[in-house]
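The structure appears below as structure tokens.
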Amino acid sequence: MLPVKDRFHLPEGVIYLDGNSLGPLPVGAAERIEDVTRNQWGAHLIRGWNVDDWMGQPLSVADRVGKLIGAPAGWTVLGDTLSIKVYQALASAVMLRPDRKVILSDTGNFPTDLYMAEGLINQLAQGHELRVVEPDAVADAINEELAAVMLTHVDYRTGRMHDMDAITAAAHAAGAVMIWDLAHSAGALPVDIQASQAEFAVGCTYKYLNGGPGAPAFITVRPDIAETVAPALSGWLGHDAPFAFERSYRPAPSIERFRVGTPPVLQIAALDVALDAWEGITIEAVRTASIALCEHFIAEVEARVPGVTLASPRDAAQRGSQVSFHFEQGYAAMQALISRGVIGDFRAPDIMRFGFTPLYVDKADVTAAVDHFEAVMKGRLWDNPAFMARGRVT
Ligand SMILES: *Cc1c(COP(=O)(O)O)cnc(C)c1O
């Protein structure tokens, strides 16, 4: 069944190993955006909010995302960007534990998650502390001081994966609220957020879910608290009755309290088409294929590419859907690879990162990518000033 390359536009001559950062354009997405633009916005004008259900889509399309992370219908809502959803989840979590002042995270977390936590703590000015430990020290750092544990499930640099169920259970045993960031998990591997019992999960839809640049984030909240927890950003679309235009905020009695403002209608249209690419495909099948691709890549690179060392866990069970290698001149080496049509990316200080997305990458692509990697490293093709100049986005 996999891959389903005909469901994506992939430029000729490109082997795309960066779908963990921005998924490719799904077939039909450009047409849907054009259709919504001309035939809904253009023709219906403001009536589109009702006749085209623009207002309901942050919930209905969110449920399609929810299916891929084990969230039952009605647990998930789309909107804003992931940084905002991290802030909302964390602010709500600390309000659930007013007598505790410590937020635990790890050095493998993505910087924006930690920055948002720092900003929240400064704003609250109630003496909260962000405690950041090494990833393998998280379990030992869980104790009864903690208000919340906030972790990214799969490390964006190395692909190392936390044990979601074990850490969530430990956090709960210590009385802390659990927040999972699924940015590198949703659409990459099976997640059962309901079974984990975590209070909050957040993630983005432009990585493995292929929603396109600027696609909205998602937030999933456990139903027993979704209806009572204080939402941190009290925007009008999270109000119980937005169009009553009441003087004061009253949160909606559902996950909708985590909505903030006007939804990105065109982006949600693109995401809806992107989710069609999963038709007939299970996340379990994607995981099985992803492991095979990653194992093949590691074996081939270690057999024939000199000068690089594995930065990812060797055990597939502890790894997400990406493989990273250390190389001091990794930035230039990645630019050399990109110039040959093999697109991965670079994360400071020395990580060459390759994402494996079985919807549109197969074993022959991986072998061909390693052929180029071997040529770049054996020929020192990275040692070229043209490959050393850094762009604004790496
Ligand atoms: C990609 C990513 C983000 C990006 O946040 P935006 O607000 O969407 O830019 C945040 N956190 C993690 C863990 C990520 O991987």
Side-chain angles (χ1 to χ4, degrees), residues 17-24 58 62 65 68-69 76-91 93 103-120 130 132 135 138 148-162 164 167 178-189 191 193 198 200-220 232-233 258-261 263-264 267-268 270-271 274 311-312 319-324 344-348 351 353-357 392-394:
L17 304 181
D18 215 356
N20 53 311
S21 209
L22 177 69
V65 174
L68 292 168
I69 56 164
T76 308
V77 71
L78 295 170
D80 316 297
T81 76
L82 180 49
S83 304
I84 302 290
K85 292 307 179 205
V86 165
Y87 184 95
Q88 278 185 297
L90 188 59
I103 297 162
L104 180 68
S105 192
D106 73 11
T107 55
N109 209 342
F110 192 78
T112 200
D113 296 45
L114 301 176
Y115 300 162
M116 294 309 278
E118 287 176 344
L120 172 66
L130 176 63
V132 181
V138 165
V149 179
M150 177 189 75
L151 296 170
T152 295
H153 183 217
V154 174
D155 185 312
Y156 74 105
R157 271 184 302 222
T158 64
R160 176 206 39 75
M161 181 162 64
H162 277 302
M164 177 177 286
I167 290 179
M178 186 72 225
I179 302 164
W180 286 108
D181 188 328
L182 303 179
H184 294 278
S185 311
L189 44 93
V191 170
I193 201 67
F200 298 94
V202 294
C204 47
T205 62
Y206 51 78
K207 293 174 179 162
Y208 292 95
L209 297 176
N210 311 307
F218 65 85
I219 183 167
T220 292
L233 297 174
F258 287 90
R259 295 178 70 161
V260 181
Q267 293 278 187
I268 291 176
L271 175 60
S312 299
R319 198 171 61 217
S321 200
Q322 62 171 73
V323 173
S324 302
D345 61 20
F346 172 79
R347 287 292 173 264
I351 297 264
R353 188 172 72 155
F354 303 88
F356 295 90
T357 47
R392 182 164 174 176
V393 174
T394 62

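Note that ligands are numbered from 1 as they come in the structure, with each ligand's atoms numbered from 1 the same way.
Screening D155, T152, V132 for a side-chain contact (heavy atoms from CB on, under 4.5 Å) involving N109 leaves a single residue, T152.
In terms of protein heavy atoms, atom 11 (N) of ligand 1 is closest to D113 OD1, 2.7 Å. The single protein non-hydrogen atom nearest to atom 3 (C) of ligand 1 is L82 CD2, 3.5 Å, given as residue, atom name and distance. Atom 7 (O) of ligand 1 has its closest protein heavy atom at S83 OG, 2.6 Å. Nearest protein heavy-atom contact of atom 4 (C) of ligand 1 is Y206 OH, 3.2 Å.
Judged by distance alone, with hydrogens and angles left aside, the side-chain atoms of T76 form no donor-acceptor pair with the main-chain N or O of A62 at under 3.5 Å. Using modelled atom types, one side-chain atom of S321 and one backbone atom of F356 make a donor-acceptor pair closer than 3.5 Å. At distances below 3.5 Å, at least one donor-acceptor pair connects side-chain atoms of Q322 with backbone N or O atoms of R157.
Every atom of ligand 1 is numbered from 1 in the order shown, and the set under 4.0 Å from a heavy atom of D181 is 11 (N), 12 (C), 13 (C). Near T152, meaning under 4.0 Å from any of its heavy atoms, are these atoms of ligand 1: 13 (C). Close approach of ligand 1 to A183 (heavy-atom distance below 4.0 Å) involves ligand atoms 12 (C), 13 (C), 14 (C), 15 (O). Atom numbering of ligand 1 starts at 1 in the shown order; those under 4.0 Å from a heavy atom of T81 are 7 (O), 8 (O).
From Q267, atom CD reaches atom OH of Y206 across 11.0 Å, with rounding to the nearest 0.5 Å.
Contact annotation: K207 has at least one heavy atom less than 4.0 Å from an atom of ligand 1.
Listed by chain and number, the residues in a ring pair (Phe, Tyr, Trp, His ring centres under 6.0 Å) with F258 amount to none (sequence neighbours excluded).
Of all non-hydrogen atoms in I193 and W180, the two that sit nearest each other are CD1-CD1, 4.3 Å.
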